[in-house]
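Comments concern the structure below.
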Amino acid sequence: MQIHKFGGASTNSVERIRNVHSIVSSLPLGKKLIVVSALGKTTNALEKVVQFSVNGEKEKAMEELNRIRTQHLNMGSELFGSHKECLEGLNAFFDEATENLKGLSNKNYNKSYDSMVHFGELFSSFMVSSFLNIKGVRNVWLDVRKVLKTNDHFREAGILWDVCKPLIRDEIDNLFIDESVIITQGFIGKTLKGDDTTLGREGSDFTAAIFANILHAESVTIWKDVNGVMNADPKQVKDTVPVSHLNYKEVIEMAYYGAQVIHPKTIKPLQNESIPLFVRCFLQPDLQGTVINGIAPEQLPPMIVFKKKQVLFSFQTSDFSFIEGKPSREIKNIFAAALVKGNLTQNTAISMLICIDENEDKQNRILSESKNFIVSVETGLTLLTIRHYTGEVIDTFTKGKQIILEQRTKDTLQVLFRE
Ligand code: ASP
Ligand code: MG
């Protein structure tokens, strides 16, 4: 059984949903579970609906929801043709979402958020499922909330793995008796009490990985608008190259240094079952894209990550005693209490340097807790990380830069410089 995940960009127009049909119908025969996330920017739009509503701007909330409805229904009319029952089905979800508007409140903000935002995935998956059925790719639509049970940490819900395992196995086995394609939603779930939940923004990849882990899938494929994982963000670096093979460890490392690749949360369930993850381009399905598995790649190009808006804290003991030991533990505790992760840390005899993401609240909190130290703060910095660096690449990216701090291991170079 294969799992395929289609993100918001891959379903964001009538043409793109037609393209999903063409991709799915050209996949090899066999069982497939398809995970769909909300169309385009629908999740952001639904967030706006919640915001307007809890701010008491009920009319604006309704307007925004109606705008989303019209957009989906216009696409639906084109895709469904004479199949009025599909349009009615889609409309029914919007009636439900409109009804749900009434219950939103600032008191239960996160719960209200999930009760509204989860609809995006119901709309999109229903559209894709209906269209594929019309086009003869027979499939069954599964409401993932029936089997994906979570705790009630709304907006960042945790998976109840032990509850999900038998539910998912039984339900999927059962559905595969009659159909070889199942279409369901990413990102959303339900508590045992019956409240709707979401797994955190961009959570649909994670859903695909959960299913893969529990069902021992043969592979997961994530369809994106780029040709696999690149060695750097094309928005930041010219001449990026796609990387055809990575291992789980490299992806986790890259994410740690700030690359917007696949989230480690998604990698873990796959790594535990040695399930390969393919990242492919829905615009050019003939290209191979990237495979991520447990095998160490033979050679990797330099992997480059820029993290802007960095702040460097420098702590010095006020009595010039060594920083090692108690002072250094105290600083670490201050950062932990402020829920701040250091992106780069360096010690000298009497000082400790920690580079973090800019965040005014957290910076103030750290400052107010650091009375025992002489502290200086430098803002407006960029942290460059290069894995598998070469002399040439280092020169290209650091030439002319005012370097504040540099750290190197065998695989990784990190340079902090002024923007
Ligand atoms: N639709 C959700 C979001 O935009 C989940 C996802 O796309 O993975 O965050
Ligand atoms: Mg998305």
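When a ligand or atom number is given, it counts from 1 through the structure's own listing order.
In this structure, Glu392 places its CD atom where only 12 or fewer heavy-atom neighbours from other residues, nucleotides or ligands lie under 6.0 Å away. Annotation for Gln288: atom CD does not count as buried by contact number, only 12 or fewer foreign heavy atoms lying within 6.0 Å.
Aromatic rings from His263 and Phe206 are positioned such that their centres are separated by 6.0 Å or more. If you look at Trp141 and Phe131, their ring centroids are not closer than 6.0 Å.
Residue Asn343 comes nearest to Gln310 through the heavy atom pair ND2-OE1, 2.8 Å, listed as atom of the first residue, atom of the second, then distance.
Of the N and O atoms on the side chains of Asn139 and Ser129, at least one donor lies less than 3.5 Å from an acceptor on the other residue.
When heavy-atom distances to ligand 1 are checked against 4.0 Å, the residues falling inside are Ser37, Ala38, Thr43, Glu121, Phe187, Arg201, Glu202, Gly203, Ser204, ordered by chain and number.
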